[in-house]
Amino acid sequence: MKKIEAIIRSEKLEELREALDKRGYIGMTVTEVKGRGKQKGVMLEWRVGEYRVEFLPKIKLEMVVEEKQLNEVVGVIEEVCSTGKIGDGKIFISNIEEVIRLRTRERGITAL
Amino acid sequence: MKKIEAIIRSEKLEELREALDKRGYIGMTVTEVKGRGKQKGVMLEWRVGEYRVEFLPKIKLEMVVEEKQLNEVVGVIEEVCSTGKIGDGKIFISNIEEVIRLRTRERGITAL
Amino acid sequence: MKKIEAIIRSEKLEELREALDKRGYIGMTVTEVKGRGKQKGVMLEWRVGEYRVEFLPKIKLEMVVEEKQLNEVVGVIEEVCSTGKIGDGKIFISNIEEVIRLRTRERGITAL
Amino acid sequence: MINSGDTAWVLISTALVILMTPAVGFFYGGMVRKKSILSTMMMCLATLFLISLQWVLIGYTLAFSPTKGGLIGGLQWLGLRGVGQLSNPDYAATIPALCFMMFQAAFAIVTPSLIVGAFVERIKFSAFLVFTGLWATFVYDPVAHWVWGVGGWLRALGALDFAGGTVVHVTAGFSALAIAMVIGKRIGYGKDNMEPGNIPLVVIGAVLLWFGWFGFNGGSALAANGLAVNAFVVTNTAAAAAATVWMILSWLHRRPSVLGVATGAVVGLVAITPASGFVDTMAAIVIGGLAAVISYYMIVLRMTLRIDESLDAFACHGMGGAWGAIATGIFASKVVNPAGADGLLLGNPGLLGTQVIAVAATAVFSFVVTYVLAVLVDLVVGLRVTSNEELVGLDISQHAETI
Amino acid sequence: MINSGDTAWVLISTALVILMTPAVGFFYGGMVRKKSILSTMMMCLATLFLISLQWVLIGYTLAFSPTKGGLIGGLQWLGLRGVGQLSNPDYAATIPALCFMMFQAAFAIVTPSLIVGAFVERIKFSAFLVFTGLWATFVYDPVAHWVWGVGGWLRALGALDFAGGTVVHVTAGFSALAIAMVIGKRIGYGKDNMEPGNIPLVVIGAVLLWFGWFGFNGGSALAANGLAVNAFVVTNTAAAAAATVWMILSWLHRRPSVLGVATGAVVGLVAITPASGFVDTMAAIVIGGLAAVISYYMIVLRMTLRIDESLDAFACHGMGGAWGAIATGIFASKVVNPAGADGLLLGNPGLLGTQVIAVAATAVFSFVVTYVLAVLVDLVVGLRVTSNEELVGLDISQHAETI
Amino acid sequence: MINSGDTAWVLISTALVILMTPAVGFFYGGMVRKKSILSTMMMCLATLFLISLQWVLIGYTLAFSPTKGGLIGGLQWLGLRGVGQLSNPDYAATIPALCFMMFQAAFAIVTPSLIVGAFVERIKFSAFLVFTGLWATFVYDPVAHWVWGVGGWLRALGALDFAGGTVVHVTAGFSALAIAMVIGKRIGYGKDNMEPGNIPLVVIGAVLLWFGWFGFNGGSALAANGLAVNAFVVTNTAAAAAATVWMILSWLHRRPSVLGVATGAVVGLVAITPASGFVDTMAAIVIGGLAAVISYYMIVLRMTLRIDESLDAFACHGMGGAWGAIATGIFASKVVNPAGADGLLLGNPGLLGTQVIAVAATAVFSFVVTYVLAVLVDLVVGLRVTSNEELVGLDISQHAETI
Ligand SMILES: Nc1ncnc2c1ncn2[C@@H]1O[C@H](COP(=O)(O)OP(=O)(O)O)[C@@H](O)[C@H]1O
Ligand SMILES: Nc1ncnc2c1ncn2[C@@H]1O[C@H](COP(=O)(O)OP(=O)(O)O)[C@@H](O)[C@H]1O
Ligand SMILES: Nc1ncnc2c1ncn2[C@@H]1O[C@H](COP(=O)(O)OP(=O)(O)O)[C@@H](O)[C@H]1O
C-alpha cells in the first residue's frame, strides 16, 4: 500500500474531497499545516506597514491507498489542485507496510 | 525501526497514553487532525436545521518503535481503541530508516 | 528522496528556518503537535495548586530532500536545536518514493 | 429644563447602543467561516466609523430637522449647527438636544451593520463602504424621518414605533434581502459545509446585544422613568421567551444548540423593540414567543428557496421587526403608556391598520431603494470580489490579515 | 416620588447584573475542557432565559409579596399583577416597583448560574433545566424572602445582607456542594489532566463579573447616593485585595497564575457583597484579603478530599459568602450606614450572632433541599449523561456543536 | 448637595473606566505572540489590583489633598481618612467626595496599564510589579496633582486638561519610551516576524476601550449635564474620524487592516481626551483626523529607528495626548464650556502657550523619572527575564500557563 501525502491550498480542500468522493475514495485524514516553498511567505498588515509571515497555511491530506489506485488518486489531486500559480503544493508518495482497521482488527488491503 | 501512525478517537487518547505508559512506552507525538472514512461526517446544528461536517476531529498518534516492540504496541492500541463502532480509526505502519536524538545526537535504536 | 521529520522545540523554529534558508533549503512543512518523551510533561498552575499536562507543544518540521542533502540538513537541525536539555526532540528519517509538484506536474528530484 | 437623572440614563443608554454595532460584528463574525471572521467584524466597525461621521454631518438633519412635506428633514442642522446643550422640547424636553442627537446616532449606526449578514464572505470592502454610506442617506434617514421626525408622515398617521421596529429592523431586514439577491450566493453555497468559525464569539456578540438592548429600548423613553423601566422589563422578558421557544423548536427537531438560542434571543429583542413602550410583561412573553416561531420557520423557508441571505437578517430582523410592529397594534395599552394608544385587544382595530401600513411602506421602500442602490454600486464599483479572493477568504484578500 | 437619578442608577445596575449571568458562562466555560465549553456557556444562558420567565411569573411574588409567616411570600403578585410604574415604599420609595422587581430578577437569575460549576461536563441538559427551575422556586425564592422580604424571619431577626452574601452566595455554594455529591465525579477525575480550555475566556468572564458587580453591590443601595458610592468603592477594594493575596499565595506555592488572580478577584467580590453597605474601605481590604486565604485553602481541602465540585462554587461562593456575612457582623458601622448596625469591633457582639444564625440557616436549608431535589431529578430524569456522551463531550452530545 | 443624577452618571462612568484597564489587556494581549498573551493580560489585571490598593492607601492623598507648594498633595487623606459620603465642593459639589475619589482611582489605574505595551514579552513579572507601584507614586500622583489638584502649579497656570491628555496619555506615552529604551529589544526584533496572536481579542479590547471612553471623557464633567453630553459626542466623533483616516492611510499604503482601524480609533480617543470638554463636534473631526496622521507616521519613524517600544504606547498615547493638549489650545471655546477658555482660533494665543508648557513639563518629567526608576528596578530586581524564558514565552515562564 502507498501513502499519498498532498500539501495543497486550503481553499481547494472541499472541491478535492468531492472529486475524490465521486470516484469512491472516502477515507482520508487532513491536517492544518504551515508551509514554505517557492512562495516564500506572505506580507500581512500590521497596525502600520506590514510584516512577513514566513509560513503559509496549507492543508496536508493523507490517504493510504492500494498501489493500483495510486495513479487515479494522484490524477484527481493534480486535476483539482493545479492552478499553475506558485503555492499549489506538492505530493509525496511513500510505502506503507501494514494497515489495521481498529474497529474490526482487519489487516491489509481490506482494512483500507 | 517502525513508525506506527494511529488515527484514533480523541476521547481515547488519555486512556491509551496511560496504557502505553504502564508498559513503558513513553515517547510519542500527537496531532489534532480531521478524518473521514466509513463514518462519513457528522450532522451539526446550525441556528435552524443542521449541516454536515465532512471531517471529524480525530487524534493522530505517532510512535517510532523497535521492530520487536511493534506487536505489543499495536496490541495495546487495538485493546484500548476498538469499540466496534464506526469511526474507531486505523493504524498505518511504515519503515523508519534512522532516528536521531537531538539532545545527545545519538543515532539508531538507543535514540528512541 | 528522503523525508526528514524533526520534532523540535517551538521556540527554535525561527532560528532553524533562517539557518536552513541561508543554505538554500526553502521548502518545508511544519505542524503544531504535542509530544511526550523523557520530558514527561509539565506542571501548569490551576486556580490553586497545579496539574500535569502530559503532552508538551512541539513543532514537527517535515522536509523532503535529495539523499545527498540529507547529512547537511540533519547537521543544521542538530546544530540549531540541540541545547543538551531534555525535550530537545528527535529526527526521524524515512524513504519517499515519488514527489510531484502540483503547479507544473513535474516528478522526481526536480519537483523538490 | 435639563434633568440630570434623565440625561444620565440617556447617555449611558447611548453608550450601550453604540456597543451594539461591534457586538453585531462579533455575533456575525463568529458565524462565518474562519477565513472571513475579521472581514465581518471589520465591516461592522467600519459602519460605526462611517455613520458616526455621516450622522453629525448630514444624517441627523435629514432625519430630524423641520420636515419637507413629511418625507424628509431639511438641511437646517447640517453639521449640527444649532444642536446644542439646551433641550429641544420637540423631541425631549429634559435632556440636551445634543444628547437626543447622539442617542439617535447610535440607532443610525447600528442599523446598517445588521445588513452585513446578507453579503458576508463575498463583498468587496470598497463596495461595502460606498453602499453603506448611500444606504444610510437614502434609506435610513428618510424612514427615520417618516416615523420619528416631527411632521413625518407615518408619525402623523399615528404609527407607533417605540424603539425602531420599522425604522431599524424592517428597513435592515428587507434591505438585506434585496442586496443578497443582487450579490448572489457564495461559491459552494448549499454544497460545501459553511461551518461557523467561532461560536463563543457568537455568544459574546449575542450577550452584548442583549445588554445593549436595555439602552436601545429603555433609553427610548428619553427619561429615567416608569416607562423606561417598563421597556427594560419587557425587553428582557421577550428575549427570554423567544430564546426558550427557539430552544424547544430546535430540540423538537434534534438538539438545542447555542447558535439557536443566541439567535432566538436576538429575535425576541427585535420583536419587542417597537412594542416595548406600549405593552406589559405578559404581552411580552407572547410577542417574544411567537417571534421565535415566525423567524424560525422563515429561516426554514429561506433555506428551502436556496437564497443565500447568509446570516438571516431578513428572517430575524425583517420579519421580527414586522411582527413586533404589528403586535404593537394588537397589544398596546394606554395603561402602560398614556401617550400611546390602545391596540386591538383593547378594542381599537384602527391602530393595527396603521401599523400594517407603516410596516408595508417601510418594507417596500427599503427593498426597492436598496435593490437599486445595490445594482448601481455593482455597476460602478463592482459588489463582489473575484472567485479566487472569495475562496481564499476576505480576511486575507481584503485586509491582509488572519486570525 | 420617583427620582430620575435613582431610577437611572438602579436600571443601569440591573443591566450590569444581568450581564453577569453570561459572564459566569464565560468564566466557567473557559475553565472546562475544550469539548464542553459551549455546554457550560449554554447552561448559564439557559438560566438567564428560564429564570427571567420564572421570576415574572411566580418567583417575584414568592420572594417579595406579603409574607406567609415569615417563611415565604404569597401569590398576590403572580404574573406581576399590581407591580407597576409607581414605587412601592416597602422596598424602595424613589424608584418604580417594576424597577425593584427587575433588579431583584437579575439576582434571582445569576444565583443558579453559579451552581453550574458543580456539575459541568457530565450533566444531562434536560436534567439541568428541570433542576434549575425547581431550585429557583424551592431554594432561592424562600431564602430571598427570609432575608429581604418584608416580614421575612431573618430580616425580622436583624440579619444584615446588603447585596446577597447569604441569599446569593451561601445558597449557591452549599447547593453546589450538595449536587456535586449526588452527581459524582467526572470520569478520569484526579487522573486525567483537566486542562482549562480557554483562559482568555475565563479572563473575559472575570472582568465582566467585576464590572457587573458594581451594579450588584452599588445598585443594592436602590438609590444613587453616598451609600451606593460606598458600596462601589469597597467592592473594588475588596476585589483588589483578594486578587493580590491570591497572587501572593500561589506565588509562594509556585507561580502567580491568571486563573488564580481571576479566581481571587471573584472571591473578594463575593465576600464584600453582604458587607458592602455597612463597612468602610479599610475594612474591605481585610475582608477581601482574608476571603482569599479562606477560599484558597478550602480549595486545597476540597481537592485533598477528592470531591469533584468541579469549579469550586462551594469554596468561592459558599465560603466567601459565609465569611462576608460574618465579617459584616464584625466590621459593620453606623457611620457608613445609619440604617444598618454596629458590629463586633464597635462593641456590638449581638450582630455577629445574628449573622452566624443567618449563614447557618441558609447553608443548611440550601444543602438539604438541593440534595433532595438532585436525588429526585436523578430518579425521574437522570442527572448524568452516558459515559460515552461524557467522553465525547457535552458540546457534541447535548448540543451537536463544536467550538 | 448630592444630586442623584450626577452621582448615577459619575458612578457608571467610573465602572466604564475601570473596565478599560482589562480592556487594555485584551487590546495589547491580542497583539503579542501567542506565547505571551496571558502574561500581557495578567500585567493589566495586576495593575488594576495594585493601583486600586495604592490609590486608596496613598495615591489619592498625594494627588488631591491640600497642596505642598503646587508640586504634590499632602498626607491628610491617607487611607481615605475624611473622604466620605458628603461632597467636596473643591472638586465636585454635587457628588460624594468618595465618588470623586473613585472616579479618579479609575484614571490612576488605567494609566500605568498603557505602559505595558512598551515591555511586553520580556519583562520579569516581579520587576513589573515593583516598577508599576513606584511609577504610580512618583510619576502619576505628582502630575495628577500639578494639573488637577487644587493649587497644582499647572492648574494655577491655566492649563486645560479635561480628561487626562497630559495626566494620563503624555505621562504613559513618554514613560513607555523611557522604559523601552532601558529594557531593550525583544530577541529577534526586526528579524523574526512578530505575528499578532489573536486579532479578535484586539478588537474586543478596542471596542471596550471605545465604550469605556464615554465614561472617561463624559464622566469628567462630574455631572450629567450638557458638558458631559458634549464630551460624549466629540469623543465618538474623534474616534470615528481617526479610524477613518487610519483606514485611508493604510489603504494608500496597501490594505485597510482591522489592526489598523482599531489603533486609529484608540488614537482618536486619546487625542480628544484633553479637549473633550472644550471643543465642538466639527473641531473633533479635525483633532481626531490629524491625530491619526501624527501617530501613524510616528510609528513609521519609530520602526525606522528600530526602537522596540513594542505596542507603540509612545506613538499612540504620548503623541496623541500631546497633540490633543495642544489642539485644546487651538480649538477651545467658551461657547462649549464657559468655565474653560477660548483658544487660538478664537483669538487667544495665550492658552496655546500654556498648553505647550503643560505638555513639555509632563513629558520631560515622565521620561526622566521613569528612566531613573527603570534603571533602579533593573539594578535591584532585574527588569528582564532570561533569554531562555523569553524564547519559551512569558505565559509559561512567568505564570506556568498556556492559552
Ligand atoms: N521539500 C519540501 N518538503 C516538505 N514540504 C515542502 C517541500 N517543498 C514544498 N513543500 C510544501 O509545499 C508547499 C508548496 O510549495 P511551493 O514551493 O510554494 O509550491 P510550488 O513550487 O508548487 O508552487 C509549501 O508551502 C510546503 O508546505
Ligand atoms: N485510506 C485512508 N487514508 C488515510 N486515513 C484514513 C483512511 N481511511 C480512514 N482513515 C482515517 O481513519 C479514520 C477512521 O476511519 P473510519 O472509516 O471512519 O473508521 P472505521 O472504518 O474503522 O470505522 C478516519 O476519520 C480517517 O481519519
Ligand atoms: N518514540 C517516539 N515516537 C514519536 N515521537 C517521539 C518519540 N520519542 C520522542 N518523541 C517526540 O520527541 C519529543 C522530544 O522527546 P524527549 O524524549 O522529551 O526528548 P529528548 O529525549 O531528546 O530530551 C517528544 O515530545 C515527542 O514529540
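Side chains are part of it too, since the values below use all heavy atoms of this structure and drop only hydrogens, waters and symmetry mates.
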Closest non-hydrogen atoms of D:A240 and E:L48, given as atom of the first, atom of the second and distance, are CB-O, 4.5 Å

Applying a strict 4.5 Å limit to non-hydrogen atoms, the region of E:S397 in contact with chain D is backbone

Okay, E:S39 and chain D: the region with an atom under 4.5 Å from a heavy atom over there is neither

Are E:Q85 and D:N230 close enough that some pair of their side-chain heavy atoms sits under 4.5 Å apart? yes

Honestly, the part of D:V336 sitting under 4.5 Å from a heavy atom of chain E is both

Take E:I18 and D:W210 through the test side chain to side chain contact (heavy atoms under 4.5 Å, CB included) and record every step on the way to the result. CA-CA 9 Å; E:I18 288 178; D:W210 186 313; 4.1 Å; yes

Distance col, row D:M247:CE vs E:L50:CG, nearest 0.5 angstrom, shows 5.5 Å

When the 4.5 angstrom heavy-atom criterion is applied to E:I51 and chain D, the contacting part is neither

Nearest heavy-atom contact between D:R255 and E:A400 is CG-CB, 3.9 Å

Okay, E:S87 and chain D: the region with an atom under 4.5 Å from a heavy atom over there is neither

Correct closest heavy-atom pair for E:E401 and D:V258 would be OE1-N, 2.6 Å

Looking only at heavy atoms, the pair that brings E:H399 and D:P256 closest together is ND1-O, 2.8 Å

Assert top hit (heavy-atom pairs under 4.5 Å, partner chain E, pool D:V203, D:T237, D:I12, D:L201) equals D:V203

Any non-hydrogen side-chain atom of D:N225 less than 4.5 Å from a side-chain atom of E:T7? no

Rounded to the nearest 0.5 angstrom, the CZ-OG1 distance for E:R81 and D:T281 is 13.5 Å

Comparing E:A46, E:G79, E:G5 against chain D, the one with the most heavy-atom pairs below 4.5 Å turns out to be E:G79

Counting heavy-atom pairs under 4.5 angstrom with chain D, the leader among E:I204, E:I2, E:L38 is E:L38

- Query: Between D:I199 and E:M41, does a side chain to side chain contact (heavy atoms under 4.5 Å, CB included) hold up when you go through it step by step?
  - Reply: CA-CA 10 Å; D:I199 297 181; E:M41 294 169 73; over 6 Å; no

Under 4.5 Å to a heavy atom of chain D? For E:L11 that would be both

Open item on the list: side chain to side chain contact (heavy atoms under 4.5 Å, CB included) for E:L19 and D:V207? Distances and angles first, verdict last.
Closed with: CA-CA 7 Å; E:L19 186 59; D:V207 161; 3.6 Å; yes

| said: Tell me whether the rings of D:W251 and E:F125 are parallel (<30°), tilted (30 to 60°) or perpendicular (>60°). | reply: tilted

Looking only at heavy atoms, the pair that brings E:V56 and D:M282 closest together is O-CE, 4.2 Å

Answer key: most heavy-atom pairs under 4.5 Å with chain E among D:P196, D:A241, D:A8, D:S4 is D:A241

Answer key: most heavy-atom pairs under 4.5 Å with chain E among D:V335, D:T244, D:L208 is D:T244

